[in-house]
Amino acid sequence: QVQLLESGGGSVQAGGSLRLSCAASGFSYSVYAMGWFRQAPGQAREGVATIDTDGRTNYGDSVKGRFTISRDNTKNTLYLQMSSLKPEDTAMYYCARHAAYGFRWHLLRFGDANYWGQGTQVTVSS
């Protein structure tokens, strides 16, 4: 069955860095677009970044220039390198798989995902 397992979250001070990982299993990882989303308490789920099967990336405006999404198809793993972290980046971060084989992930829409990880908490203190 499809499994997405995030790791790498933690607590850092503003300006610090973290790298999140998402280990995928149970499906043909290389043929699906993947993404990172986040949700802070009391707020809607927000698209952070997505990466298509050909490596094309898309970022939310709030993280452009600070976060980098990447994928390793040999390890079935998705990454999110986060730098220059801000307190407003504090949230639960979720890895997600696009619902459709081979499709591009447009507009960071979380409704396009059909599998989610359990999340990893990122807390940034000022």
Side-chain angles (χ1 to χ4, degrees):
Q1 85 246 32
V2 174
Q3 288 191 323
L4 301 171
L5 184 61
E6 302 97 334
S7 62
S11 296
V12 296
Q13 291 192 325
S17 299
L18 281 174
R19 188 176 83 153
L20 305 184
S21 299
C22 171
S25 61
F27 65 100
S28 298
Y29 175 77
S30 64
V31 300
Y32 285 90
M34 300 293 295
W36 288 99
F37 294 78
R38 67 186 182 187
Q39 189 166 19
Q43 297 188 23
R45 189 163 295 193
E46 175 189 15
V48 176
T50 59
I51 184 166
D52 295 330
T53 57
D54 61 359
R56 182 180 298 190
T57 58
N58 193 16
Y59 294 93
D61 288 341
S62 62
V63 307
K64 281 180 182 176
R66 301 188 297 122
F67 290 12
T68 302
I69 188 172
S70 62
R71 63 190 299 161
D72 186 336
N73 291 340
T74 66
K75 296 181 179 179
N76 289 359
T77 302
L78 180 72
Y79 301 100
L80 184 69
Q81 178 67 49
M82 305 186 293
S83 303
S84 302
L85 282 161
K86 304 175 181 180
E88 51 264 44
D89 294 318
T90 295
M92 186 72 79
Y93 283 71
Y94 298 91
C95 169
R97 194 198 82 171
H98 197 284
Y101 171 102
F103 274 49
R104 293 195 181 280
W105 208 318
H106 294 292
L107 303 177
L108 300 171
R109 296 185 301 216
F110 65 80
D112 288 343
N114 66 343
Y115 286 100
W116 298 86
Q118 85 290 346
T120 186
Q121 178 67 38
V122 172
T123 302
V124 184
S125 58
S126 57

Where the side chain of Tyr94 meets the backbone of Glu6, is there a donor-acceptor pair that is under 3.5 Å apart? no
So which pairs with a foot in residues 21-43 pass salt bridge (charged side-chain N to carboxylate O under 4.0 Å, His left out), sequence neighbours left out? Arg38-Glu46, Arg38-Asp89
Please round to the nearest 0.5 Å and tell me the distance separating atom CG of Leu20 and atom CZ of Phe67. 8.0 Å
Would Arg66 and Tyr59 count as a cation-pi pair here, with the cationic atom under 6.0 angstrom from the ring centre and within 45° of the axis? no
Kindly work out whether a path of hydrophobic side-chain contacts (I/L/V/M/F/W/Y, heavy atoms less than 4.5 Å apart) joins Phe110 to Trp105. yes
With a 4.5 Å cut-off on side-chain heavy atoms, are Arg19 and Tyr79 touching? yes
Shared hydrophobic cluster for Val124 and Phe37 (ILVMFWY, side-chain gaps under 4.5 Å): no
When you group the ILVMFWY residues by side-chain heavy-atom contacts below 4.5 Å and let the links chain together, are Leu78 and Leu5 in the same group? no
Residue from Thr53, Asn58, Asp52, Asp112 passing side-chain hydrogen bond (donor to acceptor under 3.5 Å, both in side chains) with Arg104: Asp52
Short question: side chain of Gln1, backbone of Gly26 - any donor-acceptor pair under 3.5 Å? no
Contacts of Ser7 that satisfy side chain to side chain contact (heavy atoms under 4.5 Å, CB included) - sequence neighbours left out: Ser21
Checking Asp54 side chain against Arg56 main chain: does a donor-acceptor pair fall under 3.5 Å? yes
